[in-house]
Amino acid sequence: MLPLDPRLPGPAREAALAAARPEEPVAARDALVVLTSGTTGEPKAAVLTHDAVAASARATSTRLAVDPTSDRWLACLPLAHVGGLGVVTRALLTGTPLTVVPDVRQASGDATLVSLVPALLPRVDAARFRTIVLGGSAMPPDLPANAVATYGLTESGGGIVYDGVPLDGVEIRVDAAGQIHLRAPMLLRAYRDGHDPRDADGWLPTGDAGAWDGATLGVSGRIGDVIVTGGEKVWPTTVEARLTEHPDVREALVFGRADPTWGRRVVARVVPANPRQPPTLDAVRGWVKETLPPWSAPHELELADTLPRTALGKLKRY
């Protein structure tokens, strides 16, 4: 099965189909072809086998203590992405009741479990759910007590690290360059172009940077997103999290811009909490410097009404 997002305009739909290669046959035991979000370039088409999908359903349901006799999943994320489709496959494979709606605000009150992206949290009464599974982008500072922050990729069938702890059967290592590598039964078989991104031992390089102490994983962000300014590294997600704690900032996007002196300078694009009283550059710089190294403070501030996001709520930096 190849799920396609019906909201894609013509050129984007053609790019998705080109990556998915629907005219070519699939291998035995292939179940799903799922497109990556394409936040940093053209989407890739990941092939997930029946065994991988089943392994994901078992591991996630065990970690969440899902009881098919009393729980009900709510699927409200786009089903063309693994975060939404994974709710459906998980419910089907475990026999857990399921409700599918196009918008979380249209759901009735009997669901106990839901998968969301942080951008949707303000639209729901978090207390109505037993557990909220969050993924897809950086977590806000004020997570509800019943929320579980997940880390994963389309290539891993969705979230496979819950609140920093890997699911059963998931192995993690971080190489000398700080890149996270994953090995698990949920991983993709290959991309539709035939390329298997795993090494000979089954390890998948994620392109994400992080720290692993043998028990918990901390994720810094995409390696390609890091801003090197004056020889110092700045992780945009860390600065964004700090900025959104400021009372005058509702949302924030941080990226690098070429600078003749520093190589790259830190730029913050923010949506003010009150457009009539936007924050100033000095205010946000001082706020960031209170908790982060001084080179993390933005050198430039842009005000915006909205921030560019993917269908799953991920910030678009490019």
Determine whether Asp201 and Arg183 satisfy the following criterion, salt bridge (Lys or Arg N to Asp or Glu O under 4.0 Å), listing intermediate values before the conclusion.
CA-CA 9 Å; Asp201 296 319; Arg183 185 164 67 179; 5.4 Å; no

Run the numbers on Leu48 and Leu188 for side-chain contact (heavy atoms from CB on, under 4.5 Å), then give the verdict.
CA-CA 5 Å; Leu48 301 174; Leu188 80 169; 4.0 Å; yes

Donor-acceptor check, side chain of Trp287 to backbone of Arg242, threshold 3.5 angstrom: yes or no?
yes

If you measure from OG on Ser115 to CG on Leu85, what distance do you get to the nearest 0.5 Å?
11.0 Å

Test side-chain contact (heavy atoms from CB on, under 4.5 Å) on Arg189 and Asp196 and set out the steps.
CA-CA 7 Å; Arg189 177 181 64 77; Asp196 183 350; over 6 Å; no

Rounded to the nearest 0.5 Å, the CG atom of Asp225 sits from the CH2 atom of Trp235 at a distance of 8.0 Å

Report yes if the side chains of Glu240 and Thr237 come closer than 4.5 Å at any heavy-atom pair, otherwise no.
yes

Might you work through the side-chain contact (heavy atoms from CB on, under 4.5 Å) test for Arg250 and Val271, ending with a clear yes or no?
CA-CA 5 Å; Arg250 182 158 61 87; Val271 177; 3.1 Å; yes

Between Arg173 and Trp212, is NZ or CZ placed under 6.0 angstrom from the six-membered ring centre and within 45° of the ring axis?
no

Quick one: are the ring centres of Trp203 and His181 less than 6.0 Å apart?
no

Quick one: does Leu187's side chain get under 4.5 Å of Glu155's, heavy atoms only?
no

Using only atom types and a distance under 3.5 Å, with no angle test, would you say the side chain of Thr150 pairs donor to acceptor with the backbone of Leu134?
yes

Using only atom types and a distance under 3.5 Å, with no angle test, would you say the side chain of Thr36 pairs donor to acceptor with the backbone of Lys44?
yes

Ser56 side chain to Ala52 main-chain N or O, any donor-acceptor pair under 3.5 Å?
no

Report yes or no: does Asp30 contribute a side-chain atom to a donor-acceptor pair with the main-chain N or O of Thr49 at less than 3.5 Å?
no

Within the distance-only criterion (no hydrogens, no angle test), does the side chain of Arg63 pair as donor or acceptor with the backbone N or O of Pro166 below 3.5 angstrom?
yes

Go through the steps to decide whether Leu35 and Leu4 satisfy the test side-chain contact (heavy atoms from CB on, under 4.5 Å), and finish with yes or no.
CA-CA 8 Å; Leu35 294 160; Leu4 278 178; 3.9 Å; yes

Should the pair Arg222-Asp208 be classified as a salt bridge under the 4.0 Å nitrogen-to-oxygen rule?
yes

Does Asp71 pair with Arg90 as a salt bridge, N-O distance under 4.0 Å?
no

